[in-house]
Amino acid sequence: MSEKENTLATKYDPKEVEDKWYQYWESHDLFKSVPDEREPYCIVIPPPNVTGVLHMGHMLNNTIQDILIRRARMEGKNALWVPGTDHASIATEAKVVKRLAEQGIRKRDLTRDEFLKHAWDWTHEHGGIILQQLRKLGASCDWSRTAFTMDETRSKSVLKVFVDLYDKGYIYRGLRMVNWDPKAQTALSNEEVIYKEEKSHLFYLKYYVDGLEALENEEQLRAEGNIIHKDEKGYYAVVATTRPETIMGDTAMCINPKDPKNQWLKGRKVIVPLVGRVINVIEDRYVEIEFGTGCLKVTPAHDPNDYVLGKTHNLETIDIFNADATISEQSPLYVGMDRMECRKVIVEDLKAAGLIEKIEDYENKVGYSERNSDTAVEPRLCMQWFLKMKHFAEIALPCVKNDELKFHPAKYKNIYNVWLEGIQDWCISRQLWWGHRIPAYFLPTDSEDKEVYVVALNEEEALEKARKIPGYENIEASQLRHDEDALDTWFSSWLWPISLFDGINNPGNEEIKYYYPTNDLVTAPDIIFFWVDKLGRKMSKSLGNSPDPLKLIEQFGADGVRMGLMLAAPAGNDILYDDSLCEQGRNFNNKIWNAFRLVKGWEVADVEQPEASRQAVLWFRNQLNDALATVKDHFSKFRLSDAMMVLYRLFWEEFSAWYLEAVKPAYGQPMDRATMQATLEYFDMLLRLLHPFMPFITEELWQHLDERKDGESIMYALIPEPQQADQELLKAMADVKEIVAGVRNVRKQKNLPNKEQLTLQAVGGLNNPFEAIITKLAGLEKIEAVTEKDATAAAFMVGTAEFAVPVAGSIDVEAEIKKLEADLEYTRGFLASVEKKLSNERFVANAPAAVVEGERKKKADAESKIATMEQALQTLKK
RNA sequence: GGGCAGUUAGCGCAGUUGGUUCAGAGCAUCUGCCUUACAAGCAGAGGGUCGGGGGUUCGAAUCCCUCACUGCCCACCA
């Protein structure tokens, strides 16, 4: 056996290992979960875009989920992680349209069904990619449950919920100003608009006052603070705007009634530049007096505020844009021109006509479509479907306020509250074909402005409902017109956790009862962090610009990348990508790999257990239990990076550097059975603890560690409850490390070879249960209890204990004295501060007894240390 | 414009109810080592006025005030 193991490469190669074990896990159905008597632990994957590929944000998110799921599984819970994808209607439709365009096909030339066929083809081609990538990462999802937001079950659920909410009055249809994406030609929700600071210009346009030839009492008006513009063509008002191309839609000019600058404009009419339309000057306190000139052009069709003004003041609405943001027939000028082009042209025309007073540089925020990032969103007035959010906010807020539902980290609680409290109705309709078609059916009416419709699951039900409407008793199915629009993707996403278990179509089914009701899932409410509606989406977006995760996996192995991510991302903070972190992860893999090579290389024989090994076995059992408890605590607080770091150190420092060195037989010597068994047991436990973080290498080594049956896996090896660790022993080991380090320092300073066995003098004797470990790791011949150390020995202190190594040849007395004196000075200062504290009556009276006691001990320790040092100094100076 | 976080070693961070030698771990850096598991390694070392100032307290990285800077969120100033 050892012969074979010893031929293992000195470097771990993840490539061979990872695919092999993933296939093993999948083919043995190890990710699968069905309800049983165990406690359930369920995470529902926030469905990534079907069109997407993994980026670092996904990687982090899914690594975290996989760690939690694997850990829960190893705690004996019935762990289920349901994967799925999201149909991402707007993004997918855009990509399909683009591909069709490349083939010379225009969307508008296709029927809805034809287009959908292309979309499905596209989805089938690209849809699985992201899920394949998750497999590379090691995600232990139950793939048999893979769902898609547009599969049959989910689609039925979505429509059912829509009809239900409509019937209850939470969904309505209305003419509203919405965010319009002119490229995708669809409405967007507020959440799909991203505002960007942009350098632009503020154009000051002249609006001549209609029919005003001479202003009486002009001087007096000026004296009262009016700012009156006048040129050879007459009196004019100046309006500042960033969007001069919208002047064709102006139907009023508005001033603040209290604005002293513009009093003279009250009750007058002005002429829209170039257009020539005469509009009223209206007054509204909405207008900021300080901004620009205090004169606002009002374009009710193209600005949300102007829309409100238009309603208040009964203004005409002129929609000068087509759906693709070209100028519409309603405009007197520039018909058919693109809005951006129009802006350039109109500015030139205005200049030429002398209608621009001045142009200033200006920075403002422009909304862009989240999915078509190069397309500025246009406010547009149109009929859309809305969900009344107030009702849902009222349900959702208290759960978080009273901590029924928790965020990790907690700071997101406030963000969530603010977001929900200020929430506006959600525009849920999209003018897209790819998505859940809105289950509304329009009935013929005598006027275009009038809408009569029914909302129903399907055509038959719609017909039934329609026939109950007075006047439509005899309507035929062919007269119903199914709404062309689709629902916002997020309308299906929010139902995802329920619809996965078919809880909407089939309420109360066995699976939903077992996995879903969150109050039955002790831990599930905590993980809402991963399912935080739009918040989660926003958080992961900032991680978009990172390197290709698959390349990283190729380079460092999935385990290495997973670990790099955990090291980089303390809970809740954005990750900062750095190659060196993955490198550190990879190096750790290698460390584990080599520790395994060492252990498996040992020959076992019937020899007596060395004392050092016996002591090391005892110590490490306690060390392991201590770590077990710490890791458990970190997990309970979702501090996965901290848990990882504890294990990293446990394996590297405690196990490899100390334990293995302590039990390692001399070259060519065999290993005793007891130590070997304990070592294998520890190794097994370390692998289990590490498995959630690094699933592949741990499986590989665990399988090698012992005979395993086919289908057996570390995935289901249990992580036990921590047992009480003996803190005295851990403290004793800490001393051991210091003593060994002390001897090693002496070796280094005196240039003594490691092979030379030394004697260690312990002044006053050594009281430590791990003496044999010290002897072995410090390379000692013996440890001597002495009352006084050799005058020429190299000395060091551990706590209050003094040690010395007699060395051949003399020591540098001068240097030694200097060092001791510096130490002495420091310790005296320390003592002084402690004494000062203790002599302060208020401290002694007010501080807790334990603290005072601690200070007394510090004082005693310092005094004894000083005494020792003084004596040593005297000896040296002799 | 409003709100919320944060500022601790070169870097990214931990530090729980103020008190145990509490100023920390990791990476990086420096020094010495190819010691028979591992140079992707081993053994060591250095490095911080805890953003500035003030206050409360016997005692402050920790609590309060204030200033500075950074980040995030929200908002209709054309």
Legend entry - Asp861(A)/Lys865(A) salt bridge by N-O under 4.0 Å criterion: no
Legend entry - Base paired to G12(B) (Watson-Crick or G-U; both N/O distances under 3.5 angstrom): none
Inset, instruction - Can you tell me, in whole Å, how much space there is between the P of A5(B) and that of U49(B)? - result: 28 Å
Inset, instruction - Ignoring backbone atoms, test whether Tyr362(A) places a side-chain nitrogen or oxygen under 4.0 Å from the OP1 or OP2 oxygen of A78(B). - result: yes
Inset, instruction - Establish, with yes or no, whether the OP1 or OP2 oxygen of G44(B) is under 4.0 angstrom from a side-chain nitrogen or oxygen of Arg744(A). - result: yes
Legend entry - C1' atoms of G24(B) and G15(B), separation to the nearest Å: 7 Å
Legend entry - Among A78(B), A43(B), G26(B), the nucleotide that comes nearest once only the side chain of Tyr648(A) is considered: G26(B)
Legend entry - Euclidean distance for P, C74(B) against C63(B) (whole angstrom): 28 Å
Inset, instruction - Run the numbers on Phe843(A) and Glu855(A) for side chain to side chain contact (heavy atoms under 4.5 Å, CB included), then give the verdict. - result: CA-CA 11 Å; Phe843(A) 169 71; Glu855(A) 292 300 315; 3.7 Å; yes
Inset, instruction - For C42(B), take OP1 and OP2 only and decide whether either is under 4.0 Å from a side-chain N or O of Trp652(A). - result: yes
Legend entry - Nearest-Å distance once atom P is located in both U29(B) and A40(B): 13 Å
Legend entry - Ser580(A)-Glu583(A) side chain donor-acceptor pair, cut-off 3.5 Å: no
Legend entry - Presence of Asn754(A) side-chain N/O under 4.0 Å of A43(B) phosphate oxygens OP1/OP2: no
Inset, instruction - Using the C1' atom on both, measure U57(B) against G19(B) and round to a whole Å. - result: 12 Å
Legend entry - Glu583(A) CD - A40(B) C1' separation (whole Å): 8 Å
Inset, instruction - Return no unless some side-chain N or O of Lys591(A) is found under 4.0 Å from OP1 or OP2 of C42(B). - result: yes
Inset, instruction - Send over the distance from Trp593(A) CH2 to A37(B) P, rounded to a whole Å. - result: 16 Å
Legend entry - Proximal nucleotide (of C38(B), A40(B), A78(B)) relative to the Arg586(A) side chain: A40(B)
Inset, instruction - Select one nucleotide: of A37(B), G44(B), A78(B), the one nearest the side-chain heavy atoms of Lys664(A). - result: A37(B)
Inset, instruction - Output the single nucleotide from A43(B), C38(B), C27(B) whose closest atom is nearest the side chain of Thr10(A). - result: C38(B)
Legend entry - Presence of donor-acceptor pair under 3.5 Å, side chain of Glu661(A) and base of A37(B): yes
Inset, instruction - In whole angstrom, give me the gap between the P atoms of C4(B) and U66(B). - result: 13 Å
Inset, instruction - Choose from G26(B), G32(B), C38(B) the nucleotide whose nearest atom is closest to any side-chain atom of Lys748(A). - result: G32(B)
Legend entry - Steps toward side-chain hydrogen bond (donor to acceptor under 3.5 Å, both in side chains) verdict (Asn256(A), Asn262(A)): CA-CA 8 Å; Asn256(A) 190 308; Asn262(A) 293 316; over 6 Å; no
Legend entry - Proximal nucleotide (of C77(B), G32(B), A37(B)) relative to the Glu288(A) side chain: C77(B)
Inset, instruction - May I have the distance from Lys365(A) (atom NZ) to A75(B) (atom C1'), rounded to whole angstrom? - result: 8 Å
Inset, instruction - Determine which nucleotide pairs with G44(B), using a 3.5 Å limit on both distances of a Watson-Crick or G-U wobble pair. - result: C30(B)
Inset, instruction - Select one nucleotide: of G26(B), G44(B), A78(B), the one nearest the side-chain heavy atoms of Arg649(A). - result: G26(B)
Legend entry - Given G19(B), A37(B), C77(B), the nucleotide with the shortest approach to the side chain of Ser656(A): A37(B)
Legend entry - Base-pairing mate for U35(B) - Watson-Crick or G-U, with both contacts under 3.5 Å: none
Inset, instruction - For G46(B) versus U35(B), give the span between their C1' atoms, rounded off to a whole number of Å. - result: 25 Å
Legend entry - Distance, C1' atom - from A14(B) to G1(B), rounded to whole angstrom: 36 Å
Legend entry - No-hydrogen, no-angle side-chain donor-acceptor test under 3.5 Å, Glu378(A) and Asn179(A): no
Legend entry - Base partner of G18(B), which must satisfy Watson-Crick or wobble distances under 3.5 Å: none
Legend entry - Complement of U62(B), any strand, by Watson-Crick or G-U distances under 3.5 angstrom: none
Inset, instruction - Determine which nucleotide pairs with A78(B), using a 3.5 Å limit on both distances of a Watson-Crick or G-U wobble pair. - result: none
Inset, instruction - Return the value, rounded to whole Å, for the distance between atom CG of Asp642(A) and atom P of A14(B). - result: 8 Å
Inset, instruction - Return no unless some side-chain N or O of Arg639(A) is found under 4.0 Å from OP1 or OP2 of G15(B). - result: yes
Inset, instruction - Could you work out which one of G19(B), A25(B), A40(B) sits closest to the side chain of Met645(A)? - result: A25(B)
Inset, instruction - Once you apply the 3.5 Å cut-off to both distances, tell me the Watson-Crick or G-U wobble partner of A68(B), or none. - result: U7(B)
Legend entry - Residues Glu245(A) and Arg339(A) bridged, charged N to O under 4.0 Å: no
Legend entry - For atom CG of Asn587(A) and atom C1' of C27(B), their distance in whole Å: 11 Å
Inset, instruction - Figure out the CG/C1' separation between Asn190(A) and C76(B), and round it to whole Å. - result: 11 Å
Legend entry - Whole angstrom value for the distance that separates C1' of A78(B) from CZ of Arg243(A): 11 Å
Inset, instruction - Find the distance Leu309(A):CG to C76(B):C1' and express it as a whole number of Å. - result: 10 Å
Legend entry - Glu835(A)/Lys837(A) ion pair, N-O < 4.0 Å: no
Inset, instruction - Report yes if at least one side-chain N or O of Arg842(A) is closer than 4.0 Å to OP1 or OP2 of C58(B); otherwise report no. - result: yes
Legend entry - salt bridge (charged side-chain N to carboxylate O under 4.0 Å, His left out): pairs with one or both residues in residues 652-661 of chain A, sequence neighbours excluded: Glu654(A)-Lys737(A), Glu661(A)-Lys664(A)
Legend entry - N or O in side chain of Tyr195(A) less than 4.0 angstrom from C74(B) OP1/OP2: no
Inset, instruction - Would you give the length of the straight line joining atom CG of Asn589(A) to atom CD1 of Ile697(A), rounded to the nearest 0.5 angstrom? - result: 4.5 Å
